[in-house]
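Just below is one structure, and these are the notes that go with it.
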Amino acid sequence: MKEKELRRSLAVLPIGTVMKLTDLSARQIRYYEEQALITPERNAGNRRMFSLNDIDRLLEIKDFLADGINMAGIKEIYARQKQRAEQKQADLAKPLTDRDVRRILHDEFLNLGGLQSDKGPNYPAR
DNA sequence: TTTCTCACA
DNA sequence: TGTGAGAA
């Protein structure tokens with residue numbers, strides 16, 4: 001029953017609503033789109049129409065930023081997320097060994113640390 | 001009225 | 001990222 005997923009992907013929200021829902025400025029929302037972090041549809045009059053999935057995505061991005069991760073980092077996270085999705089398919093045929101899993105988790109931690117932005121506007125001087 | 005794109009003292 | 005201009 002993936003009826004819900006379809007509805008969540010229906011782009012029906014104008015940027016104004018998204019601004020209120022995510023507490024982000026139109027500027028930021030458009031910028032994130034430029035960075036390919038979100039891909040809202042376009043409707044009549046070239047207006048952006050967002051879906052519930054976009055909202056979740058935006059909120060997620062907000063959290064990442066709050067954790068001190070920068071655009072590049074977030075892009076990587078989604079890039080890896082995509083890779084994982086693709087890897088998952090391959091893994092279906094060839095399951096990972098315990099040793100592989102450990103190595104992957106190890107890398108994950110190291111990389112997450114590298115994604116922390118080196119003191120930016122997200123690091124209050126307090 | 002709302003949103004879009006573009007450009008910057 | 002903010003902000004203002006000019007158009008739709």
Side-chain angles (χ1 to χ4, degrees):
Chain A
M1 181 178 275
K2 42 193 173 183
E3 180 73 10
K4 285 192 295 184
E5 326 223 335
L6 289 178
R7 295 183 190 291
R8 283 180 190 294
S9 296
L10 281 185
V12 295
L13 314 174
I15 199 169
T17 303
V18 180
M19 287 175 68
K20 295 177 182 176
L21 259 34
T22 63
D23 224 75
L24 291 170
S25 67
R27 182 76 171 78
Q28 290 176 297
I29 297 173
R30 295 179 187 127
Y31 178 64
Y32 298 157
E33 177 188 14
E34 270 188 75
Q35 305 307 304
L37 265 34
I38 53 174
T39 54
E41 290 175 23
R42 294 296 186 123
N43 262 46
N46 189 41
R47 289 182 156 61
R48 273 168 266 251
M49 296 303 273
F50 304 75
S51 71
L52 294 178
N53 280 324
D54 291 325
I55 302 298
D56 285 340
R57 181 78 137 190
L58 255 4
L59 292 174
E60 192 173 24
I61 292 172
K62 239 181 75 175
D63 283 342
F64 286 144
L65 257 26
D67 285 331
I69 298 177
N70 52 201
M71 288 299 115
I74 297 177
K75 285 186 186 177
E76 290 213 22
I77 290 177
Y78 286 134
R80 294 183 189 185
Q81 213 167 74
K82 185 185 177 185
Q83 283 181 23
R84 279 197 178 187
E86 299 173 341
Q87 254 298 134
K88 204 165 187 177
Q89 294 302 310
D91 293 346
L92 246 52
K94 179 183 179 304
L96 295 177
T97 65
D98 285 352
R99 184 167 155 293
D100 288 329
V101 175
R102 292 194 184 193
R103 178 177 53 66
I104 292 176
L105 287 177
H106 179 66
D107 291 346
E108 285 293 307
F109 279 51
L110 289 182
N111 290 319
L112 272 180
L115 295 178
Q116 298 299 313
S117 83
D118 54 19
K119 291 150 186 72
N122 294 312
Y123 274 73
R126 96 172 42 172

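First the proteins, then the strands, lettered A, B, ... as listed; each starts at 1.
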Can you tell whether the side chains of A:Glu34 and A:Arg30 come within less than 4.0 Å, N to carboxylate O? no

Would you say a side-chain N or O of A:Arg42 is under 4.0 Å from OP1 or OP2 of B:dT5? yes

Which nucleotide wins on minimum distance to the side chain of A:Ile15, given the candidates C:dT1, C:dG2, B:dC4? B:dC4

Euclidean distance, atom CD of residue A:Glu34 to atom P of C:dT1 [Å, nearest integer]: 12 Å

For B:dT5, take OP1 and OP2 only and decide whether either is under 4.0 Å from a side-chain N or O of A:Tyr31. no

Below 4.0 Å: OP1/OP2 of B:dT5 and any side-chain N or O of A:Asn46: yes

Does the side chain of A:Arg30 get closer than 4.0 angstrom to OP1 or OP2 of B:dC4 through an N or O atom? yes

Between C1' of B:dC4 and CZ of A:Phe50, the distance in whole Å: 12 Å

Can you tell me the pairing partner of C:dA5 across any strand shown, Watson-Crick or G-U wobble, with both distances under 3.5 angstrom? B:dT5

Test side-chain contact (heavy atoms from CB on, under 4.5 Å), reference A:Phe50, set A:Ile29, A:Leu21, A:Leu10, A:Thr17, output is A:Ile29

Looking only at atom types and distance, does a side-chain atom of A:Asp54 sit under 3.5 Å from a main-chain N or O of A:Ser51, one as donor and one as acceptor? yes

Which atom pair, heavy atoms only, marks the closest approach of A:Lys62 to A:Thr22? NZ-O, 3.1 Å

Which is true for A:Gly45 with a 4.0 Å heavy-atom rule: it touches a base, it touches only sugar-phosphate, or it touches nothing? nothing

Whole-Å distance between B:dC6 P and A:Arg27 CZ? 12 Å

Over how many whole Å does the gap from A:Lys62 atom NZ to C:dT1 atom C1' extend? 16 Å

Provide, to the nearest angstrom, the distance between the CZ atom belonging to A:Arg47 and the C1' atom belonging to C:dA8. 7 Å

Counting only side-chain heavy atoms from C-beta out, which of B:dT5, C:dG2, B:dT3 sits nearest to A:Arg48? B:dT5

Nucleotide B:dT3, atom P - distance to CD of A:Gln28 in whole Å: 16 Å

Please give, in whole Å, the distance from B:dC4 C1' to A:Ile29 CD1? 14 Å

Cationic tip of A:Arg57 above A:Tyr32 ring, under 6.0 Å, 45° of axis: no

